[in-house]
Number of protein chains: 2
Amino acid sequence: MQNATAPHDEGAEGEEGFVSNYLLYLLAAASEAASAQFHAEVRQKGLRVPEWRVLAWLHDRDGEMITRLARISLIEQSRLTKIIIQMEERGLVTRQGDAQDRRRVRVWLTNKGRTLAQGLVADARIHEAQVLSILEGGDGARLKPALSALLRELDPESRG
Amino acid sequence: MQNATAPHDEGAEGEEGFVSNYLLYLLAAASEAASAQFHAEVRQKGLRVPEWRVLAWLHDRDGEMITRLARISLIEQSRLTKIIIQMEERGLVTRQGDAQDRRRVRVWLTNKGRTLAQGLVADARIHEAQVLSILEGGDGARLKPALSALLRELDPESRG
DNA sequence: CCGATAAGTATGAAAATTCATATAATTTCG
DNA sequence: CGAAATTATATGAATTTTCATACTTATCGG
C-alpha cells in the first residue's frame with residue numbers, strides 16, 4: 001500500500017535526493033544508528049548518555065575540570081555542572097576545587113564510579129567490534145581514521 | 001600551567017585512552033564538529049535544527065507522513081507533531097489528512113517553505129563541499145560511502 | 001599595585017524534549 | 001463479520017536542556 005498515494009516525486013527517476021547523501025545527515029544518522037543499541041544498554045544501567053560520556057572520559061583521565069570535560073563530552077557547560085552534581089549525589093564522582101586555580105573544579109571518579117566505568121568501557125569495546133565488523137572489507141578500516149582527521153581539522157582544541 | 005596539577009594519568013605513556021579512538025565517540029564528535037557552523041547559520045535564519053531537517057526532507061520529497069518524517073529526520077514522533085504544528089503556524093508547511101488512510105497526516109511545503117528550503121539546501125551544498133575539501137586526498141572520498149554502508153546495515157528501514 | 005578583562009563555574013527562569021498514554025482508524029484473523 | 005491487535009497522531013505532565021547572567025578568581029596592561 002505504500003505506493004497507493006505516492007507522494008509527489010521531486011526529482012527525476014534515478015535521482016536520490018539531496019539529504020540521503022548529504023554528509024552532515026550521514027554523520028548524524030550513522031551516529032544515531034550506531035549508538036542506539038549501546039545507548040539503550042547504558043540507560044538500562046541507570047545512566048543517561050551524557051553521564052556515560054563523562055564516566056568514559058574520566059576512566060581515561062581522572063581529575064578533569066568541568067569546562068574541558070564539557071567540551072570533550074559534547075555537553076554544554078551549565079548542563080554538565082548539573083549532571084556532575086547529580087553524579088556526585090549518586091556517589092559516582094567527587095568534585096574538588098583546584099588548589100592552584102580556585103576557579104576550577106576537578107572531577108574524580110569514586111571507586112563505585114570507576115567500577116561502573118570499567119564495566120561500561122568493556123561493554124563498549126565489545127559493541128564497537130560488532131559494529132565495525134559490519135564494515136569488514138571495503139570502507140571499514142578507513143572510517144575511524146577519516147573521522148579522526150575530520151575532527152582534528154574541524155576542532156583542533158578538542159584534543160591537543 | 002596546564003601541567004602544574006597534571007591529572008592522574010590512567011594508562012601508559014603512549015596510550016591514547018579509550019574514548020578518543022572509540023567509534024561511537026568519533027561519530028558523535030565528528031557530527032557535531034562538522035555541523036556546528038552550518039547549524040549556527042540555520043539558527044540565524046530563525047530555524048531550529050530539527051526544523052531544517054524537516055524542510056530538507058520535504059524539499060526532496062513532499063507530502064511525507066509524520067511518522068516517516070520523524071524517522072528519517074531523527075526526531076521523536078510526538079516532538080515532530082509539535083514542530084510541524086509550529087511550522088504550520090509560521091506558514092512553512094501545511095498538514096493534510098491522507099484520504100486513503102485517515103490516521104495519517106501528510107506534510108507539504110508551502111511556497112514560503114519551499115523557497116526557504118531551497119535556499120538552505122543550496123547553502124548546505126556549499127558548506128558540505130567546504131567540509132569535504134578538508135579531507136581531500138586520503139580518506140575523504142570513502143567517508144560518505146562508508147557512512148552510507150553503515151547506515152544501510154544498521155537501519156535498513158530508514159530508506160528503502 | 002590597581003583597574004580592566006578574561007576564565008571557570010553555578011544558578012534560575014524559560015524553552016525544549018521525553019514519556020506515557022489517549023484517541024482514532026485500519027488490519028488481522030478466528 | 002467483529003473482537004483484538006496494530007498503526008498513526010496528538011496531548012499533557014514531568015523532566016531535561018538552554019540561555020543569559022551572576023559570582024568568584026585569575027591574568028593582563030600600565
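Values reported hereafter were calculated over all heavy atoms of this structure, with side chains retained and with hydrogens, waters and symmetry mates removed.
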TODO: Applying ring pair (Phe, Tyr, Trp, His ring centres under 6.0 Å), name anything that partners B/Phe38, two or more places apart in sequence or on another chain.
DONE: B/Trp52, B/His127
Task: Residue pairs fulfilling ring-ring contact (aromatic ring centres under 6.0 Å, His included) with at least one residue in residues 71-96 of chain B, sequence neighbours excluded - done: none
Spacing of [X] atom [atom1] relative to [N] atom [atom2], expressed in whole Å:
X        : N     : atom1 : atom2 : result
B/Asp98  : D/dT7 : CG    : P     : 17 Å
A/Gln100 : C/dT9 : CD    : C1'   : 18 Å
B/Arg68  : D/dT7 : CZ    : P     : 16 Å

Hey, does [Y] have a side-chain heavy atom less than 4.5 Å from the side chain of [X]?
X        : Y        : value
B/Arg90  : B/Leu47  : yes
B/Val93  : B/Glu88  : yes
A/Leu116 : A/Leu109 : no
B/Val19  : A/Ile72  : no

- [ ] For A/Gln37, look at atom CD and say whether over 12 heavy atoms of other residues, nucleotides or ligands are found less than 6.0 Å away.
- [x] no
Open item on the list: Output one letter per nucleotide in nucleotides 1-8 of chain C: B when a protein non-hydrogen atom lies under 4.0 Å from the base, S when only the sugar-phosphate is that close, - when neither is.
Closed with: -----BBS
Task: Residues within residues 43-52 of chain A bordering DNA chain D, heavy-atom distance below 4.0 Å - done: A/Arg48
Open item on the list: A/Arg114 vs A/Asp62, test: side-chain contact (heavy atoms from CB on, under 4.5 Å). Steps then yes/no.
Closed with: CA-CA 10 Å; A/Arg114 184 177 310 280; A/Asp62 218 358; 2.9 Å; yes
Task: Within residues 73-89 of chain A: residues closer than 4.0 Å to DNA chain C (heavy atoms) - done: A/Gln77, A/Ser78, A/Thr81, A/Lys82
Open item on the list: Checking A/Ser148 now: which residues fulfil side chain to side chain contact (heavy atoms under 4.5 Å, CB included) with it, not counting sequence neighbours?
Closed with: A/Arg152, B/Asn21, B/Leu26
TODO: Considering only NZ, NE, NH1 and NH2 on the basic side and carboxylate oxygens on the acidic side, decide whether B/Glu51 and B/Arg48 come within less than 4.0 Å.
DONE: yes
